[in-house]
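The analysis underlying the following values was restricted to heavy atoms, covering all of them including side chains, and did not include hydrogens, waters or symmetry mates. The sequence lines fix the lettering, A, B, ..., with proteins before strands; numbering per chain opens at 1.
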Protein chains: 2
Amino acid sequence: MALFLSTYINKVDRKGRVSVPASFRATLSGEAFQGIVLFRSNNHVCLEGFGQSAMEDLSGRLDHFDLFSAEQDDMATAIFGEAVQLPFDGDGRIILPSALISFSGLEEQAAFVGLGRKFQIWNPEEFESRRDKARQSVQEKGLTLPREKAGGAES
Amino acid sequence: MALFLSTYINKVDRKGRVSVPASFRATLSGEAFQGIVLFRSNNHVCLEGFGQSAMEDLSGRLDHFDLFSAEQDDMATAIFGEAVQLPFDGDGRIILPSALISFSGLEEQAAFVGLGRKFQIWNPEEFESRRDKARQSVQEKGLTLPREKAGGAES
DNA sequence: TGGATATCTATGGAATAACATGGAATTTAA
DNA sequence: TTAAATTCCATGTTATTCCATAGATATCCA
């Protein structure tokens, strides 16, 4: 199981503790670092979550920018400068830093939204409207997935 | 056997359990993950089902988008955020989440409709009218199958 | 061909395990 | 010593596994 799928809503206690959905933990079970990496989304009022190794991929993508370019610098600052590494406790929970809680408008509950290679954490109510917009956008724009590769005889 | 074929009607018990038709399970027997992936159809009041590897195809295609682009985000939210991974129990059953049951109007029974690479799950009665319409449409429009590959991209 | 037997499937219920969650206890740092 | 953070434990709920049965299908042998 290598992908983050589906949406789970878990409770945030007053210490900021929250269980990471078991299936997400299963997705990360092969990782060296047992925990997640979180940072603030640049596009939404939510948090972006990755496994440790996915962060290394991200770093690899950034390398395609000129190392001293303004863009590279901005991206690196926005992503790595903000990122927080949160280990699982013995019961599969993490502790959300209060700065991230307030940024993303979390209160009693947190919605973990699987997006394949990454996931997001939302205030459940705000996520509902976000989800509706996403559905709408996909339909209206007629977004479809590009065909596999180019060379490709598709299966 | 690599395709989902034919239609089977099975019972949904009050826990939401339902047997996946044996022939569908046979189609999936080669998959690493023994189970199915389900999400809501965009076009009908039914559920769309795939094997795990089909989801990985999807994920691979999404990788062609910029990781933080609006399009990638919309599609990932609409597809992966909605998807549910359901493992077979020892007897080849899955448990349908109540949200999907109500979305697709399932009650006592579920119709598993094979559509080749994917399948759908319908309320049997609604499927009948759907099937009638599909037949009618094929007849009226004289729809035919395009040849394999041919320059012609289909929809 | 017919009948009997065995196998596979779907289904229901019950036992078991896993998960999320709250609070307390222990450790670490200031 | 106080505050904060981490670990540990207890609990209710949910999900998963196990077992039993009945019907259907396929197989085998006479």
- Item | Side-chain donor/acceptor of B:Asp91 to base of C:dC8, under 3.5 Å | no
- Query: Are any of the side-chain nitrogens in A:Lys15 or A:Asp13 under 4.0 Å away from the carboxylate oxygens of its partner?
  - Reply: no
- Message: Using the side-chain heavy atoms of A:Arg93, tell me which of these nucleotides is nearest: C:dG13, C:dA20, C:dG23.
- Response: C:dG23
- Nearest-Å distance for atom pair CD1/C1', residues A:Ile9 and C:dC19: 16 Å
- Message: What contact category does B:Pro87 fall into here, base, sugar-phosphate, or nothing, at under 4.0 angstrom with non-hydrogen atoms?
- Response: nothing
- Message: In whole Å, I'd like the distance from the CD1 atom of B:Ile94 to the C1' atom of D:dT17.
- Response: 17 Å
- Specify the separation, in whole Å, of atom CD1 of B:Ile95 and atom P of C:dT11. 15 Å
- Quick one: B:Leu96 CG to D:dT16 P, roughly how many Å, whole number? 12 Å
- Query: In whole Å, what is the span from the CG atom of A:Asp89 to the P atom of C:dT21?
  - Reply: 13 Å
- Query: Do A:Arg14 and C:dG23 have a side chain to base donor-acceptor pair shorter than 3.5 Å?
  - Reply: no
- Contact class for A:Asp13 vs. all strands (heavy atom < 4.0 Å): base, sugar-phosphate, or nothing? sugar-phosphate
- Please give, in whole Å, the distance from C:dA20 C1' to A:Phe88 CZ? 14 Å
- Quick one: A:Lys15 NZ to C:dG23 P, roughly how many Å, whole number? 8 Å
- Roughly how far, to the nearest 0.5 Å, is the CG atom of B:Leu106 from the SG atom of B:Cys46? 9.5 Å
- Taking only the side-chain heavy atoms of B:Arg17 (C-beta and beyond), determine which of C:dG23, D:dC18, C:dA10 contains the nearest atom. D:dC18
- Message: Applying a 4.0 Å non-hydrogen cut-off, can you work out what B:Val20 is touching in the nucleic acid: base, sugar-phosphate, or nothing?
- Response: sugar-phosphate
- Item | Residue pair B:Gln109 / B:Glu125, side-chain donor-acceptor N/O under 3.5 Å | no
- Message: From the set C:dA14, C:dG23, C:dA20, return the single nucleotide nearest to any side-chain atom of A:Pro21.
- Response: C:dA20
- Under-4.0 Å side-chain N/O to phosphate OP1/OP2 contact, A:Lys11 with C:dG22: yes
- Would you say B:Gln72 and B:Leu67 make side-chain contact, with heavy atoms under 4.5 Å? yes
- Item | Ring centres under 6.0 angstrom apart (A:Phe39, A:Phe50) | yes
- Query: To the nearest Å, how far apart are A:Tyr8 OH and C:dC19 C1'?
  - Reply: 12 Å
